[in-house]
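Remarks on the structure that follows.
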Amino acid sequence: QVQMVESGGGLVQAGGSLRLSCIGFGRTFTFTNYAMGWFRQAPGKEREFVAAIASNGGTTAYADSMKGRFTISRDNAKNTVYLQMNSLKPEDTAVYYCANYKLPRVVPTREAADFRSWGQGTQVTVSA
């Protein structure tokens with residue numbers, strides 16, 4: 001069984017920053033083999049893609065509204081993926097989730113249905 005544990009959320013004023021972390025582990029799970037993604041879900045809305053990173057960290061992708069503000073990175077030695085969020089806006093308020101892509105060693109899509117092993121999420125609240 002694979003588990004993801006997110007942390008780092010909180011309450012921040014607009015224009016502020018937060019750094020989210022997600023550690024992935026499991027008896028048969030090799031973190032370094034999988035692309036990782038961050039998604040978010042606001043109340044009453046569907047889960048949406050935020051960012052993804054290839055298994056070796058060499059390729060990243062972002063939703064258009066996050067480009068230039070958010071940075072995804074990973075430390076494979078620590079089985080951890082990060083999301084640095086700068087210039088936060090009230091519309092960034094959501095629960096943020098990480099997950100691993102369904103297949104190893106491939107470039108991921110941006111579809112939540114193609115990701116597995118969702119964590120419990122971490123709440124990010126941005127006040128105006």
Side-chain angles (χ1 to χ4, degrees):
Q1 184 178 357
V2 181
Q3 289 186 277
M4 303 293 170
V5 180
E6 303 95 337
S7 61
L11 173 63
V12 64
Q13 288 188 329
S17 298
L18 283 173
R19 189 194 195 204
L20 307 183
S21 299
C22 169
I23 183 168
F25 55 94
R27 192 171 61 86
T28 60
F29 179 63
T30 303
F31 181 86
T32 56
N33 287 348
Y34 288 86
M36 296 295 295
W38 283 99
F39 290 76
R40 69 185 186 185
Q41 189 165 18
K45 295 188 177 181
E46 292 194 353
R47 193 165 296 189
E48 67 171 337
F49 173 78
V50 174
I53 187 166
S55 57
N56 64 0
T59 303
T60 58
Y62 298 90
D64 287 344
S65 61
M66 289 75 165
K67 281 182 182 177
R69 299 191 300 125
F70 291 9
T71 302
I72 188 171
S73 61
R74 65 190 294 161
D75 184 341
N76 284 343
K78 296 181 179 180
N79 280 23
T80 302
V81 60
Y82 304 98
L83 185 68
Q84 177 67 44
M85 306 186 294
N86 299 328
S87 302
L88 283 163
K89 306 174 181 179
E91 51 264 43
D92 293 319
T93 295
V95 178
Y96 285 71
Y97 300 89
C98 73
N100 63 283
Y101 194 62
K102 61 182 180 180
L103 296 172
R105 305 184 192 90
V106 298
V107 177
T109 67
R110 301 182 178 207
E111 301 297 323
D114 291 335
F115 285 78
R116 303 288 183 263
S117 309
W118 298 90
Q120 82 289 346
T122 186
Q123 175 71 47
V124 172
T125 303
V126 184
S127 62

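Quick caveat: nothing in here was measured; it's all calculated off a predicted structure. Side-chain atoms are counted along with the backbone in the values below, which use heavy atoms only and exclude waters and symmetry mates.
- Here the shortest heavy-atom pairing between Met66 and Glu48 reads CE-OE2, 4.4 Å.
- In this structure, CG on Asn56 lies 11.0 Å from CG on Asn33, to the nearest 0.5 angstrom.
- Applying the disulfide (SG to SG under 2.5 Å) test to every pair with at least one member in residues 16-113, sequence neighbours left out, gives these pairs: Cys22-Cys98.
- Annotation: side chain of Arg69 is in contact with side chain of Asp92 (closest heavy-atom distance under 4.5 Å).
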Run the numbers on Val2 and Phe25 for side chain to side chain contact (heavy atoms under 4.5 Å, CB included), then give the verdict. CA-CA 6 Å; Val2 181; Phe25 55 94; over 6 Å; no
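- Separation of atoms OH (Tyr97) and CZ (Arg40) is listed at 13.0 Å; rounding is to 0.5 Å.
- In terms of heavy-atom proximity, Leu88 sits nearest to Val12 at CD1-CG1, 3.6 Å.
- Interatomic distance, Arg74 CZ to Thr60 OG1, rounded to the nearest 0.5 Å: 12.0 Å.
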So Phe70 and Asn86, side chain to side chain contact (heavy atoms under 4.5 Å, CB included) or not? Walk me through it. CA-CA 6 Å; Phe70 291 9; Asn86 299 328; over 6 Å; no
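- For the atom pair OG of Ser117 and CZ of Phe29, the computed distance is 6.5 Å after rounding to the nearest 0.5 Å.
- Here Asp114 pairs with Lys102, Thr109 under the side chain to side chain donor-acceptor pair (under 3.5 Å) rule; sequence neighbours left out.
- Of all the heavy atoms in Ser55 and Asn76, the pair that sits closest is O-ND2, 3.0 Å.
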Pair Lys67-Asp64, salt bridge (charged side-chain N to carboxylate O under 4.0 Å, His left out): steps then yes or no: CA-CA 5 Å; Lys67 281 182 182 177; Asp64 287 344; 3.5 Å; yes
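- Without hydrogens or angle criteria, Arg110 side chain to Phe49 main chain gives no donor-acceptor distance under 3.5 Å.
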Please assess Ile53 against Thr59 for the test side chain to side chain contact (heavy atoms under 4.5 Å, CB included), listing each intermediate value before the final yes or no. CA-CA 6 Å; Ile53 187 166; Thr59 303; over 6 Å; no
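- The distance from atom OH of Tyr82 to atom OG of Ser7, rounded to the nearest 0.5 Å, is 9.0 Å.
- Relative orientation of the Phe115 and Trp118 rings is tilted, given thresholds of 30° and 60° on the angle between their planes.
- Linking Ile, Leu, Val, Met, Phe, Trp and Tyr whenever their side-chain heavy atoms come within less than 4.5 Å leaves Phe39 and Met85 in two separate clusters.
- What you find for Ala128 and Ala14 is that their closest heavy atoms are CA-CB, 4.4 Å.
- In plain terms, the two heavy atoms of Ser17 and Gln84 that are nearest each other are CB-NE2, 4.0 Å.
- Annotation: side chain of Glu6 is in contact with side chain of Trp38 (closest heavy-atom distance under 4.5 Å).
- Across every non-hydrogen atom of Tyr96 and Leu83, the tightest pair is CD2-CD2, 4.1 Å.
- Geometrically, Arg116 does not engage Tyr101 in a cation-pi contact defined by less than 6.0 Å to the ring centre and at most 45° from the axis.
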Pair Thr122-Val95, side chain to side chain contact (heavy atoms under 4.5 Å, CB included): steps then yes or no: CA-CA 5 Å; Thr122 186; Val95 178; 6.0 Å; no
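- More than 12 non-hydrogen atoms from other residues, nucleotides or ligands lie less than 6.0 angstrom from CD of Gln120.
- Sorted by first and then second residue, the salt bridge (charged side-chain N to carboxylate O under 4.0 Å, His left out) pairs involving residues 9-18 (not counting sequence neighbours) form an empty list.
- Distance check: Thr80 OG1 to Met4 CE gives 10.5 Å after rounding to the nearest 0.5 Å.
- Using a 4.5 Å heavy-atom threshold, the side chains of Tyr62 and Val50 count as separate.
- Atom CD of Glu46 has 12 or fewer heavy atoms from other residues, nucleotides or ligands within 6.0 Å.
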